[in-house]
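This report concerns only the one structure given below.
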Amino acid sequence: MNVRQCTICEAKDAGEAVRVNPRLCRDCQDWDDLLHINYCRERAGSHAPVNPVSFCYKHNPDWPPNRKGNYSELKDLQFFSSEHYTARKDCIMCSAVGDALQRASSESGDGQETKIAVWRPFILDPAKNQWNVHDEQTAVDKGMVPWLQKCVLAICIATAPTGEDSWSYQPGVVEVVLRYERWCYDLSQVSPWERRVMDTSQITKWLHRCVHEHGEECSASWIPSSVDLPPGFRLIDAHERRVVLSPSPVEYVALSYVWNAASLSPEKQNSQLNLVNIKDLEEPNSLNDSILPEVIADAIDLCIEIGQRYIWVDRFCIVQDDLELKTQHIDMMGAIYDRAFLTFVALGDGPTPGLVGLPCRPRQQSFRNWSWDLLPTMSNPVGEARLPLIDMAISESKWNSRAWTFQEKALSKRKIYFDAGQVYGNCAKESWQEKPKDVDDTEWVKTQSWEMDKVPKRPLDLSLNSFATYSGIISQFSPRKLTFPEDVLRAFAGVVNILEMELKRPLLQGHPEEFFTESLRWVPQPGFMGTRRVLDNVPSWSWASWDSRATWDIDWTIAPGIFLACRVSEVKASFVNFYVSDPKGIRPVKEQHQSLEHYLTEQKRVALKVLKEAATSWWPSSISNDPVTVEVKELNELTKHVWDWAHTKARSGDATTHPWPPSTARTPRTERLHDLSEDATAFAALRNLEEHTDTQWWPPTTAKDLEASLQLGNLSKEAKALAEKLPNSLIFNTTCASLRVGPFGRMWFRIPPRRHLSGCAIQNQNGIPVGITMAMAPQLTFDMFQKGRECLVALLGVCSSKRFMQWNKGERSRLPIQHLNELCLLVMIMEEKDGVCNRLAMGVVYSDEWVKLQPQWRTVVLA
């Protein structure tokens, strides 16, 4: 590392006497040089190898400390009692630690013995001065001498009942400022680091810059101005401290918080606007601190600090017991946050409710770490004191785990976040966080804590009109928690309104109708235990019916005896016509189907390409056409010519080596297609060509005439009558079979090998696997399917599984890598009772095995 020379190590290396600091005791002399105590001792292994994670707040879980194991226990640290520090009161470091111990003792109470251990320091150096300023003269020229170094001491408090030896250990931190008379050496003072209150002018400056410099990007609304706010829209007048009907138009601030964490007082927690107290709360000064939850009182005070008069808070701006009006306001909450000039966000972490860090709500002095990530990084492997960056602070918060706050986060233009030990802000253009005192504004803007032009515009990225737009948003929302599970789709309604307005396509129970078949392929996040929500207003086919993150994985598990698992694609072709039961009756779902004919044509090209390039003796020498570029009409003729030619060649050979048709060759599906002979390559390609030509698995493609095909589209009258009684149920025609589904026991994993996944085999009546289910947590496979159960399996669409072909031996090693796409049928696994089906899982089966099952054509009612 390119840093200045440590004065202590320099003297030792030169064989000279190390300078003694008279302000420090003999044991604390290492503190006389900041580099020595922070870097040299760590490099020499002088600090106990304690796991730093236990000292951290909101650290990055994906970046562990560089020591993976064999940590010392906290009890192995060197602890001292108050007597030790009293005897060394002339040492400025011992005096500071002794003061901390005295505070800890008073907090522990009578009857407790208390000791303290100092593990090691972590310095706050956002401008990297330790690395950038290498000599005394440069520091003097920059006005950095004397040097005040902000520092976080990692400590451990040990307590035990007086006279007993049963100690408990609590890691913590002490924040101090170290004053060095020279450039980072000659320690002269250790004082408390006062950071209980932030400078609110930082918020005002940031807002001014956003409004005047960022332009339309930060001021545009998702919801058009033609959409009115709900009737009876109220605001809190911060100046008069009362509830008022909104003057129109008016600029206002909104508050976003966790409802149940608004106050520690039961009386304040229950305080809200009701029909009986509307008149009272409309009186000036009626909203006083004695009745307001702390978070709301603080938000009102902050409005005044930054020059805003009006604030919207759901608890006092929605009449909570007027159910009709409340429903209208809840359904428009997306628009309310979208119209707000600014949103205050209380992240809900820490010991104190409210907007912590404001003058009216100072941060509590505590040994517990509510601010710092202390883990080593690539740039600083010894570790340093870092405030969690805004993304980490938000993602790890209680507020971010709640479903209702998703639309508030997604739709608000500008947000100020209050964490337990830090304040953050972001807009569409930049993110920032509270600047420590005494740090230069110019230097602070250069740090990682300030990100200009690196912020996603908002969590709703609608730049791509594709299924990925919907699935990404749903995957962010679905794992969030609800106090009342039946509110799941209502909490998502604000985002649904934006998606429908911006993309001009309807959503059905959270599923985009345009990509409906693909949207039904959702699975609860593999590897995690999810639970099913049994709700009257949410059907089993919707992702909202599970308390789990909804994902659309393409990595599936590998079941014994079947190869479909490697990787199964998204839906490649959709052809089932879905209908939904809504209040107006049975209506068609407005899906834009992906063409089955186009998909089959493209796969024929792939199979013919493999024949031509990797099995040349099976390609007619009279044909020079490139199957990849030939026109569709010519492709059909080309396919027939190649097929007939291969058939003739097979008949002239050994029937055991060249069985016909290729589907009877049974090219192993359980093995990799590596180092195949030319004949085996040809038959693998011919079998693939055959399965993309023969579509018996979907009856409408093999119907005798148009009338017969149309007849297959008619829904059963009995099923329609049943569906009309079940709101939000789906009704559709398809082929179905009764199959056994059960866990396949031992799991095979894809990279990374630690991935804890399992699945179920879909078996025919003889117990032979014909397909697999989605990946899921091992326990979930047993909870849903026990040791195996009969299920109704319905065909929904087509997927594919890519199988690579490569040759590493002999002359064929010169061949380029090829691939074939195994045709897989996407199926839904259901339980049926009294003619009504409920979704259990998704899976895929082989097309030829599906035909052998002789599935029945029927109308399915899916509730």
Side-chain angles (χ1 to χ4, degrees), residues 42 47-61 64-65 67 69-86 93-124 150-176 190 192-196 264 347-353 356 362-376 383-388 393 396-398 419-422:
E42 175 68 16
H47 297 304
V50 176
N51 188 346
V53 169
S54 59
F55 293 88
C56 290
Y57 176 68
K58 291 187 177 178
H59 62 87
N60 183 356
R67 186 185 180 95
N70 299 319
Y71 289 115
S72 296
E73 296 185 34
L74 292 174
K75 67 180 182 180
D76 296 330
L77 294 171
Q78 191 172 16
F79 288 86
F80 294 102
S81 65
S82 57
E83 290 79 7
H84 172 87
Y85 292 105
T86 301
M93 181 54 67
C94 287
S95 178
V97 176
D99 290 345
L101 177 56
Q102 186 176 2
R103 181 159 57 92
S105 298
S106 62
E107 291 177 1
S108 299
D110 296 335
Q112 292 284 323
E113 188 176 350
T114 309
K115 297 191 294 187
I116 192 170
V118 177
W119 175 39
R120 54 157 300 186
F122 294 87
I123 67 170
L124 176 71
K150 295 176 174 64
C151 178
V152 176
L153 297 184
I155 63 160
C156 185
I157 304 293
T159 56
T162 303
E164 297 184 18
D165 197 30
S166 55
W167 294 90
S168 61
Y169 301 91
Q170 180 62 50
V173 297
V174 175
E175 299 166 342
V176 297
V190 181
W193 178 3
E194 176 53 56
R195 53 183 304 271
R196 299 179 66 206
L264 295 177
L347 293 180
D349 305 313
T352 307
V356 182
R363 299 174 184 122
Q364 287 187 359
Q365 192 175 27
S366 170
F367 289 113
R368 185 167 176 182
N369 183 1
W370 293 108
S371 299
W372 306 102
D373 176 4
L374 307 175
L375 293 184
E384 60 185 335
R386 294 185 311 281
L387 292 160
E396 297 296 312
S397 69
K398 184 187 299 183
D419 202 356
Q422 183 71 359

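Side chains are part of it too, since the values below use all heavy atoms of this structure and drop only hydrogens, waters and symmetry mates. Since the model is a prediction, treat every value here as computed from it, not as a measurement.
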Pairs involving residues 150-159, ordered by first then second residue, that meet salt bridge (Lys or Arg N to Asp or Glu O under 4.0 Å) (sequence neighbours left out): K150-D438
Given 3.5 Å as the limit, does a donor-acceptor pair link the side chain of [X] with the main chain of [Y], or not?
X	Y	answer
D165	W167	no
D419	Q422	no
D99	A96	no
R196	R363	yes

[X] atom [atom1], over 12 foreign heavy atoms within 6.0 Å:
X	atom1	result
R368	CZ	no
Q365	CD	no
Q112	CD	yes

Stepwise side-chain contact (heavy atoms from CB on, under 4.5 Å) check, K58 with L347: CA-CA 12 Å; K58 291 187 177 178; L347 293 180; 4.2 Å; yes
Lys NZ or Arg CZ of R103 over F367 ring: under 6.0 Å, within 45°: yes
Is there a side-chain contact between [X] and [Y] in this structure, where contact means two heavy atoms from C-beta onward sitting under 4.5 Å apart?
X	Y	answer
I157	T114	yes
H47	S72	no
L74	P171	yes
L124	V152	no

Parallel, tilted or perpendicular: ring planes of Y57 versus W370, cut at 30 and 60 degrees: perpendicular
Rounded distance (nearest 0.5 Å) linking atom [atom1] of [X] with atom [atom2] of [Y]:
X	Y	atom1	atom2	value
I155	L101	CD1	CG	9.0 Å
N51	L375	CG	CG	8.0 Å
E113	S82	CD	OG	8.5 Å
M93	L153	CE	CG	6.0 Å
S54	E73	OG	CD	11.5 Å
D110	T162	CG	OG1	8.5 Å

Stepwise side-chain contact (heavy atoms from CB on, under 4.5 Å) test for Y85 and F80: CA-CA 8 Å; Y85 292 105; F80 294 102; 3.7 Å; yes
Close aromatic pair by centroid cut-off 6.0 Å: W119 and F55: yes
L387 and D373: CA distance, side-chain angles, deciding distance, side-chain contact (heavy atoms from CB on, under 4.5 Å) verdict: CA-CA 6 Å; L387 292 160; D373 176 4; over 6 Å; no
Closest non-hydrogen atom pair between [X] and [Y], with its separation:
X	Y	result
R195	G421	NH2-O, 2.7 Å
F122	E384	CD2-N, 3.8 Å
W193	C151	CE3-O, 3.9 Å

Set of salt bridge (charged side-chain N to carboxylate O under 4.0 Å, His left out) partners for K115, sequence neighbours left out: none
Worked check of side chain to side chain donor-acceptor pair (under 3.5 Å) between S366 and Q364: CA-CA 6 Å; S366 170; Q364 287 187 359; over 6 Å; no
Pair K398 + D349: basic N to acidic O under 4.0 Å: no
Distance-only side-chain donor-acceptor flag, S168 / T159, under 3.5 Å: yes
Step-by-step side-chain contact (heavy atoms from CB on, under 4.5 Å) determination, F79 to C156: CA-CA 8 Å; F79 288 86; C156 185; 3.8 Å; yes
